[in-house]
Amino acid sequence: MRRSSTDETPYRRSPSLDSKAGSPPLRYSGEYEYRSSPFTFGFRTTPGPQASKGRYTSTQGRKYVVFYLDLSFIFLLELRRCRMAEGCMRALRYGMVFFNLLFWLGGCGILGVGVWLSVTQGNFATLSSSLPSLSAANLLIAVGTIVMVIGCLGCIGAVKESRPLLLSFFVLLLVIFFLEVLFIILFFAYQDEIDHYAQKDLKRGLQLFGTEGNIGLTNAWSIVQTDFRCCGVTNHTDWFEVYNATRVPDSCCLEYSENCGLENPGTWWTAPCYERVKGWLQENLVALWIFALCTALTQILGLVFSMTMFCQAVKVETFYA
């Protein structure tokens with residue numbers, strides 16, 4: 001037998017979100033419920049769509065939804081930023097490895113050329129008597145070794161993401177960069193003194209021309225005088241003090257032949273070699289500056305990349321510590 005809707009029951013329905021303040025509360029029957037209209041009834045199992053809609057359209061519900069959307073948006077932004085940072089670091093690491101690998105291979109080539117010149121040509125291109133070890137072969141060997149060591153440190157440090165290797169690479173590259181800048185500043189500050197000292201030292205080196213054990217100096221002067229069509233340091237008369245006679249090496253002749261330096265002085269080059277070489281450097285000054293700027297830019301990029309990877313490695317180790 002169905003109970004009347006007016007019968008009292010201990011169960012009461014909570015006020016609906018859609019109900020108005022003046023409407024009487026609805027009561028539960030044992031199995032069915034009557035709604036606001038006495039002719040409409042249905043099962044009471046789950047909250048209806050109107051109740052759900054009311055829950056989310058209320059002021060407090062809107063706050064929850066906005067807060068949830070804000071958290072989701074922030075999470076997506078952080079995730080995207082982390083992925084971008086990870087991609088940038090991966091590209092930076094690959095670029096660092098590739099750059100230092102080329103750097104190391106270049107150092108191997110320079111070292112190989114230096115060793116070949118040292119074995120086959122002796123002290124090739126040694127013009128200074130006060131610095132006999134300052135030859136082209138020795139310079140190439142020293143530069144090639146330094147480049148190889150720096151390139152090896154940078155390449156292994158980038159692959160392993162090792163802080164000690166990256167820091168060593170940064171310190172060595174920074175020291176070399178500062179030494180280069182200091183050398184350029186001193187060169188332009190004392191240019192006149194350097195010119196005077198270089199000319200005196202080269203004239204002393206002429207005394208060793210053709211002597212035993214100085215094949216590198218002899219070959220260097222012969223090549224310079226032939227290629228630049230010059231004779232002596234400041235004049236062809238510089239050779240008169242060497243031979244104690246009116247004579248020049250055969251490389252000073254307009255047309256090379258055996259003992260042509262003993263013949264008529266009209267067949268000799270008269271231009272000073274020091275000024276010819278200096279003029280050649282001034283003519284190619286733009287190319288030299290471009291080479292210097294490219295070298296400096298490469299070193300600066302190496303410093304920035306290595307320090308960036310070092311700081312990233314520090315952050316990672318601190319995070320997982």
Side-chain angles (χ1 to χ4, degrees), residues 99 103 106-107 109-111 113-114 117-118 121 123-151 154 169-209 214 216-235 238 271-304 306:
F99 164 76
F103 209 57
I110 295 173
L111 179 63
V113 173
L117 285 177
S118 179
Q121 302 295 328
N123 292 326
F124 179 74
T126 302
L127 299 176
S128 175
S129 60
S130 59
L131 296 173
S133 60
L134 190 63
S135 62
N138 293 338
L139 285 176
L140 291 175
I141 291 173
V143 172
T145 303
I146 294 173
V147 170
M148 280 184 59
V149 171
I150 295 177
F169 174 82
F170 177 83
V171 171
L172 286 177
L173 202 59
L174 185 64
V175 169
I176 292 175
F177 181 76
F178 279 142
L179 289 178
E180 291 172 351
V181 173
L182 180 62
F183 174 78
I184 293 174
I185 293 174
L186 292 177
F187 177 79
F188 284 104
Y190 299 97
Q191 189 171 2
D192 295 335
E193 290 81 357
I194 292 173
D195 282 343
H196 181 69
Y197 175 79
Q199 291 180 16
K200 289 179 60 177
D201 189 65
L202 290 173
K203 287 183 178 180
R204 286 197 300 266
L206 294 180
Q207 303 294 330
L208 303 177
F209 183 86
N214 291 288
L217 186 143
T218 302
N219 291 337
W221 270 112
S222 298
I223 292 173
V224 169
Q225 292 183 142
T226 302
D227 292 346
F228 287 93
R229 298 181 178 182
C230 58
C231 191
V233 179
T234 57
N235 202 342
D238 294 336
C273 290
Y274 188 82
E275 294 299 329
R276 280 293 181 91
V277 174
K278 189 175 179 181
W280 179 82
L281 292 175
Q282 290 177 353
E283 290 176 359
N284 296 275
L285 191 60
V286 176
L288 293 175
W289 276 114
I290 291 175
F291 175 76
L293 290 176
C294 291
T295 303
L297 181 62
T298 303
Q299 292 175 345
I300 291 173
L301 290 177
L303 291 172
V304 173
S306 61

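Nearest heavy atom pair, residue Ser222 against residue Thr226, reads O-OG1, 2.8 Å. The shortest heavy-atom contact between Ser306 and Phe169 is CB-CD2, 3.5 Å. When every heavy atom of Gln225 is checked against every heavy atom of Cys231, the shortest pair comes out as OE1-CA, 3.6 Å. Of all heavy-atom pairs between Val233 and Pro272, the closest is O-CB, 3.4 Å. Between Leu140 and Val113 the shortest heavy-atom distance is CD1-CG1, 3.8 Å. Counting all heavy atoms, side chain and backbone alike, Phe228 lies closest to Arg276 at O-NH1, 2.6 Å.
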Please walk me through it: do Cys230 and Tyr274 pass side chain to side chain contact (heavy atoms under 4.5 Å, CB included)?
-> CA-CA 9 Å; Cys230 58; Tyr274 188 82; over 6 Å; no

Are Ile150 and Ile176 close enough, and set up right, to give a side chain to side chain contact (heavy atoms under 4.5 Å, CB included), and what steps lead you there?
-> CA-CA 10 Å; Ile150 295 177; Ile176 292 175; 3.1 Å; yes

What do the steps show when you test Leu182 against Phe178 for side chain to side chain contact (heavy atoms under 4.5 Å, CB included), and what is the final call?
-> CA-CA 6 Å; Leu182 180 62; Phe178 279 142; over 6 Å; no

Verify side chain to side chain contact (heavy atoms under 4.5 Å, CB included) between Asp201 and Arg204, making sure each step is shown before the conclusion.
-> CA-CA 5 Å; Asp201 189 65; Arg204 286 197 300 266; 3.1 Å; yes

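Once rounded to the nearest 0.5 Å, the distance linking CD of Glu193 with CG of Leu186 reads 11.5 Å. Note that CG of Asp238 and CZ of Phe209 are 13.0 Å apart. Values are rounded to the nearest 0.5 Å. Once rounded to the nearest 0.5 Å, the distance linking CG of Leu285 with CH2 of Trp280 reads 11.0 Å. The CG atom of Leu288 lies 11.5 Å from the CD atom of Glu283; values are rounded to the nearest 0.5 Å. Note: Phe99 CZ to Thr298 OG1 = 5.5 Å, rounded to the nearest 0.5 Å. From Ile290, atom CD1 reaches atom OG1 of Thr295 across 11.5 Å, with rounding to the nearest 0.5 Å.
The side-chain contact (heavy atoms from CB on, under 4.5 Å) test with Leu111 is passed by exactly one of Ile141, Val143, Ile146, Val147: Ile141.
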